4 protein chains.
Amino acid sequence: MTESRRERERRARRQEIISAAKEVLSRKPFNEATLEEIAERAELAKGTIYGYFKNKEDLFISLIKQEFDSWRRAVEPALDEGLAPRERLRIMTEAVLRYHLDNLDLYKIYLTHMGFIIIPKEGMLHEYQRIINDCLKKAMEIYREVIISCQKDGLFKDKDPQFLTLVYQGVIQSVIMGWMMGLIDKPIPKLVEDILELLPESS
Amino acid sequence: MTESRRERERRARRQEIISAAKEVLSRKPFNEATLEEIAERAELAKGTIYGYFKNKEDLFISLIKQEFDSWRRAVEPALDEGLAPRERLRIMTEAVLRYHLDNLDLYKIYLTHMGFIIIPKEGMLHEYQRIINDCLKKAMEIYREVIISCQKDGLFKDKDPQFLTLVYQGVIQSVIMGWMMGLIDKPIPKLVEDILELLPESS
Amino acid sequence: MTESRRERERRARRQEIISAAKEVLSRKPFNEATLEEIAERAELAKGTIYGYFKNKEDLFISLIKQEFDSWRRAVEPALDEGLAPRERLRIMTEAVLRYHLDNLDLYKIYLTHMGFIIIPKEGMLHEYQRIINDCLKKAMEIYREVIISCQKDGLFKDKDPQFLTLVYQGVIQSVIMGWMMGLIDKPIPKLVEDILELLPESS
Amino acid sequence: MTESRRERERRARRQEIISAAKEVLSRKPFNEATLEEIAERAELAKGTIYGYFKNKEDLFISLIKQEFDSWRRAVEPALDEGLAPRERLRIMTEAVLRYHLDNLDLYKIYLTHMGFIIIPKEGMLHEYQRIINDCLKKAMEIYREVIISCQKDGLFKDKDPQFLTLVYQGVIQSVIMGWMMGLIDKPIPKLVEDILELLPESS
DNA sequence: GATGAATGAGGGTTCATTCAT
DNA sequence: TATGAATGAACCCTCATTCAT
């Protein structure tokens, strides 16, 4: 069991580093965030990080993957196909908002690195850019799946699902940004209601 | 008049540098874009840039300011209070879309640097981050003014204007991103129509 | 002509860096020689070197190539097929000895990096290792060519030329090392005579 | 006796580390060989090595000393002054060749670190560089002693013994390198014969 | 004004060595 | 004694900025 303790400690330390990185990366883009600062925040020497991650990029990728998994788990309930589509949309919207508003750092990272979604593949794309891209695509697919199920149920009848998905994502983003900027502070269920009301009904 | 020619040339040269910077910054975030690359694209020596701008940041700020002014001029027609509110909204939407779709580089810069909307609470804020922030706020104010005028006219009756502004901005952004990603390619007037349709009517 | 002066200065500076590198690399193997030390010796800032060479390895490769070319030019006279084979051998031996004894640093570099000749290709071979290898092979080929021409003339009749080349190279190396260690200080022509006397005659 | 077993185990462990180091150092120069890799090959933790050697250099020195002792023992029979000089030379040549061809790793280490023969005039000399130097000098002395005894017996009559020693060493090295590079594969006694034939007879 | 060589601070990364367990 | 996590010095390299020409 001694072995087990060491492993536990190792995992904990690894997590501390990821958390430190998360905080720093929420304020600075990848290239501006220094390992020095991350190490400092984790109260470690710079070199120590390399015992846990292959390099700066690996650390960042691990962070993104972990956070995306966590986001995905939060949204999972909305994937239950047994639920009514409209209910799935409500659950999803609430889960997404709650997740991000409880965890603003992640969203800041997303915003800070959003440029990477768009940047054309000039030269080699950094691995971490690919990862971010993947996560975004997966998130969009989830949105789209739920939206399509709503359409099958008669909502937003004649609109292009791609377009609807984009708009949905844009509205969510606006709300989160508004919250971040202190322009909005309603409780989450109220926000969800407001958002759903905005969506074009089929009727 | 020789003096005047010199000035004209100087302004032209300055403009070339800004254009080069714009192109580079649409592909890379501030810290990844090098003066070397900008100078190369402007067909100048690195040192020459310092004859026109105090430093890298100053160049970036000048770029942002200039672009924002240009954007503002494009949207100006919608500020005419003599027009019908709904028409103002249509004009604004069309102007914004047209401006950005004709000028994707600027939007890429915006996306690439969007993280800076979120003001870091600690440490020094780069001057250019503050500028970007200012521009965004001014744009939001323009949106809000038009939206409020619509509300006075009976549209979106009971909604919070702040919230509506955010949503409007989010929808615009979605459409531009969809366009960039090749997911959308309808002509602009059609897009405007789609967007306005989405907005909740008063009725 | 101003341009020409700049170019001239550039080449001169480049040469200074190579010379500094040569001195340092004659004392330390590649991995132990630091750019810091090279820059210091060239009386330049570390960063300046990167204006002249892509990186440390590029600098080293340029050095090796330059030195090998220079060595080759020194040995060139022995390649004249119009000469009597035995005379060619004498000329070559004298040229090689004179070149290295006048230019001990290069030989030190060779010795300091000799390990790379043998190291099996585990993983990727550094580019500079390949270059060193190439130079050595070319040198051996020159030796062999002259030796074979001697054999055709009746010298060392029945020996394997490969073997003879190795031995020749080994003897040369011994003499240079002896000189370096201060064990030998005869004038070069005397050394050449001594060496040639050692070689097995055909008779 | 428990104590004795402990000691035995300790020595064995120490030996394992030296062997691992030998293998690694035959492929990489001192500064490129990492303790990590040595420890891995010895199936030990990095820190454990410090229980057996003061530091990396101490380990390297121990290795060199041990190998040199072993080499010396192999050559010992040739030091018997009761034998005929020519026979001593034959025995020595065969012993040296056999030792190195059976133990190529050591020779690779020698080649990889040969640069250290040339004592840097400035700065601090690594202790291990001095050791290598010492070993080489001792080896040369052994060669010289046998060669001088041959001369007293009338061989190579009028040559400078220092010169002959160097040449002898050079020829030996050539043969070993030829073997390593796959250019030579005769059985050892045949090689010895070839070498001795090369050496200038007195007659 | 234009040039581009030179600078040097600062970042990512490696690795010998130490030390608590 | 064995372990391997932690340390931090030192290395290579980049790039904004300066300055002599």
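All of these numbers come straight from a predicted model, not from anything done at the bench. Heavy atoms only: backbone and side chains are in, while hydrogens, waters and symmetry mates are out. Below, chains carry the letters A, B, ... as their sequence lines are ordered, and counting in each starts from 1.
- Residue C:R14 is classed as having no contact, given no heavy-atom separation below 4.0 Å to the nucleic acid.
- Listed by chain and number, the residues in a side-chain hydrogen bond (donor to acceptor under 3.5 Å, both in side chains) with B:K22 are B:E67, B:N103 (sequence neighbours excluded).
- Taking the nucleotide of DNA chain F with the nearest heavy atom to each of A:G51 and D:Y52, the more 5' of the two is matched to D:Y52.
- If you take CD of B:E16 and C1' of E:dG1, they are 14 Å apart, rounded to a whole angstrom.
- Aromatic ring orientation, C:Y128 versus C:F30: tilted (interplanar angle from 30° to 60°).
- D:E23 pairs by the side-chain contact (heavy atoms from CB on, under 4.5 Å) definition with D:R27, D:R41, D:D105, not counting sequence neighbours.
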Fill in the blank from the handout: Reading nucleotides 16-21 of chain F from 5' to 3' and marking B where a protein heavy atom lies under 4.0 Å of the base, S where only the sugar-phosphate is that close, and - otherwise, the string is SBB--S
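- Going from atom CD1 of C:I49 over to atom P of F:dT14 covers 13 Å, rounded to whole Å.
- Checking side-chain atoms of A:S70 against main-chain N and O of A:Q66 turns up no donor-acceptor pair under 3.5 Å.
- For D:T34, the side-chain contact (heavy atoms from CB on, under 4.5 Å) test picks out D:E36, D:E37, with sequence neighbours left out.
- Atom CD of C:E9 and atom C1' of E:dT3 are 13 Å apart (whole Å).
- Between the NZ atom of C:K28 and the C1' atom of F:dA10 there is a distance of 12 Å, given to the nearest Å.
- Contact annotation: C:T48 side-chain N/O to E:dT7 OP1/OP2 distance is under 4.0 Å.
- In this structure, A:F53 reaches neither bases nor backbone, as no heavy-atom distance under 4.0 Å exists between it and the strands shown.
- In terms of the side-chain contact (heavy atoms from CB on, under 4.5 Å) criterion, residue partners of A:E9 (sequence neighbours excluded) are, by chain and number, A:R5.
- With a cut-off of 3.5 Å on both pairing distances, the Watson-Crick and G-U wobble pairs of DNA chain E assemble into stems of 3 or more at E:2-21 with F:2-21.
- Partners of C:E16 by side-chain hydrogen bond (donor to acceptor under 3.5 Å, both in side chains), not counting sequence neighbours: none found.
- Between A:R13 and the phosphate of F:dA6, there is a side-chain N or O to OP1/OP2 separation shorter than 4.0 Å.
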Under 3.5 Å, side-chain donor or acceptor atoms of residues 47-54 of chain C against the rest of the protein: list the pairs with distances, not counting sequence neighbours.
{"residue": "C:T48", "atom": "OG1", "partner": "C:A45", "partner atom": "O", "Å": "3.3"}

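- We find that OH of C:Y128 is positioned 12 Å from P of F:dC12, with the value rounded to whole Å.
- Put simply, CD1 on C:I38 is 8 Å from P on F:dC12, counting in whole angstrom units.
- One can place CD of A:E40 at 13 Å from P of F:dT7, the figure rounded to the nearest angstrom.
- Listed by chain and number, the residues in a salt bridge (charged side-chain N to carboxylate O under 4.0 Å, His left out) with C:K56 amount to none (sequence neighbours excluded).
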